[in-house]
Structure formats: structure tokens, C-alpha cells
Amino acid sequence: MRYNELERSVNHVLPQKVLETLSKLPPERLRMVLNFAEASLINRKVTRRYNVVLEWNEPDAQDSEGGYTVLVPSLPPVVTEGDTREEALANAREAIACFLEYLIITGQPVPPDDEKGDNLVEVTV
């Protein structure tokens with residue numbers, strides 16, 4: 001997250017008294033304080049629930065056993081697979097967690113929970 005973006009986001013969260021104190025800091029010291037704030041945000045635990053779509057793939061010449069492809073509609077980049085339903089769901093949890101960690105580290109918003117679905121998967125990062 002760039003310095004100015006972090007400074008703007010802090011302005012929406014902190015009480016006015018804290019903002020007044022921060023505004024009195026020299027710029028270099030304010031940068032250090034905001035760096036600590038950013039690290040704190042990155043280290044904060046986030047729990048989300050997303051619906052996953054499991055698509056069964058019939059066995060064929062390339063895959064004699066078949067398996068599941070897993071899509072996460074709320075997180076379009078997240079696609080994974082598994083030989084069994086259990087493996088597919090475990091892989092989905094791992095893929096979702098990795099994607100959420102990427103979003104947090106790069107300062108991007110984490111999409112809200114899905115409120116309903118047949119296969120809600122919960123992850124904490």
C-alpha cells in the first residue's frame with residue numbers, strides 16, 4: 001500500500017483526537033507510524049465464508065478416475081481441483097486462503113462473505 005493511500009485509509013478509521021496528534025508529527029516520523037499501522041493491518045486475522053461450486057469431471061482418456069473442478073464465483077481467480085470431494089474442498093480452502101493473503105498484502109479489499117450457498121467454505125488468514 002502506498003503511503004498516501006494508507007494515510008487516507010487511516011483518516012477514516014481513527015478518532016479525531018488521534019488524527020490531531022498524528023498531524024503534529026514530522027513527516028518522517030508519521031511515515032514510520034503508518035508503517036507500523038500497515039504491518040498491524042497485514043497481521044490482523046480475517047475470517048470469510050465463500051460458496052464454492054464443485055463440478056464433477058467424468059473419467060476419460062486423460063484422467064481414468066475423474067475428479068472435481070472447484071470454482072469460487074465471488075473470487076474469480078480462484079480455481080482448483082481434487083480427486084475426491086473432500087480433497088477438492090481442502091484444496092479450495094487453501095486456494096482461497098492464498099488469494100486472501102495476496103489481497104491483504106497488496107492492500108486490496110477482501111470481498112465480503114457469501115451469505116448463502118450449498119458449499120460454504122470458511123477460511124481464516
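Just so it is clear, the model here is predicted, and its values are computed rather than measured.
Contacts classified as ring-ring contact (aromatic ring centres under 6.0 Å, His included) and involving residues 84-125 (residues at least two apart or in different chains) are not found. Pairs of residues two or more places apart, or lying in two chains, that qualify as ring-ring contact (aromatic ring centres under 6.0 Å, His included) and include a residue from residues 66-89 are W56-Y68.
Residues L54 and A88 share a closest heavy-atom pair of CD2-CB, 3.8 Å. Listed here is the closest heavy atom pair of G82 and N91: CA-ND2, 4.1 Å. Across all their heavy atoms, L103 and P109 have their closest contact at CD1-O, 3.8 Å.
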Intermediate values then yes/no, side-chain contact (heavy atoms from CB on, under 4.5 Å), V123 and L100
CA-CA 9 Å; V123 296; L100 295 184; 3.6 Å; yes
Does V70 form a side-chain contact (heavy atoms from CB on, under 4.5 Å) with V79? I'd like the steps, not just the answer.
CA-CA 6 Å; V70 185; V79 178; over 6 Å; no
Evaluate V46 against I104 for side-chain contact (heavy atoms from CB on, under 4.5 Å), listing each step before the verdict.
CA-CA 9 Å; V46 174; I104 292 167; 3.9 Å; yes
Stepwise, does the side-chain contact (heavy atoms from CB on, under 4.5 Å) test hold for V53 with N119?
CA-CA 7 Å; V53 176; N119 297 300; over 6 Å; no
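No salt bridge links E20 with K17; every basic N to acidic carboxylate O contact stays at or beyond 4.0 Å.
Checking side-chain atoms of R48 against main-chain N and O of P111 turns up a donor-acceptor pair under 3.5 Å. Side chain of D114 to backbone of N51: a donor-acceptor contact under 3.5 angstrom is found. A distance-only check finds a donor-acceptor pair linking the side chain of D113 to the backbone of R49 [under 3.5 Å].
In this structure, OG1 on T80 lies 8.5 Å from CD on E87, to the nearest 0.5 angstrom.
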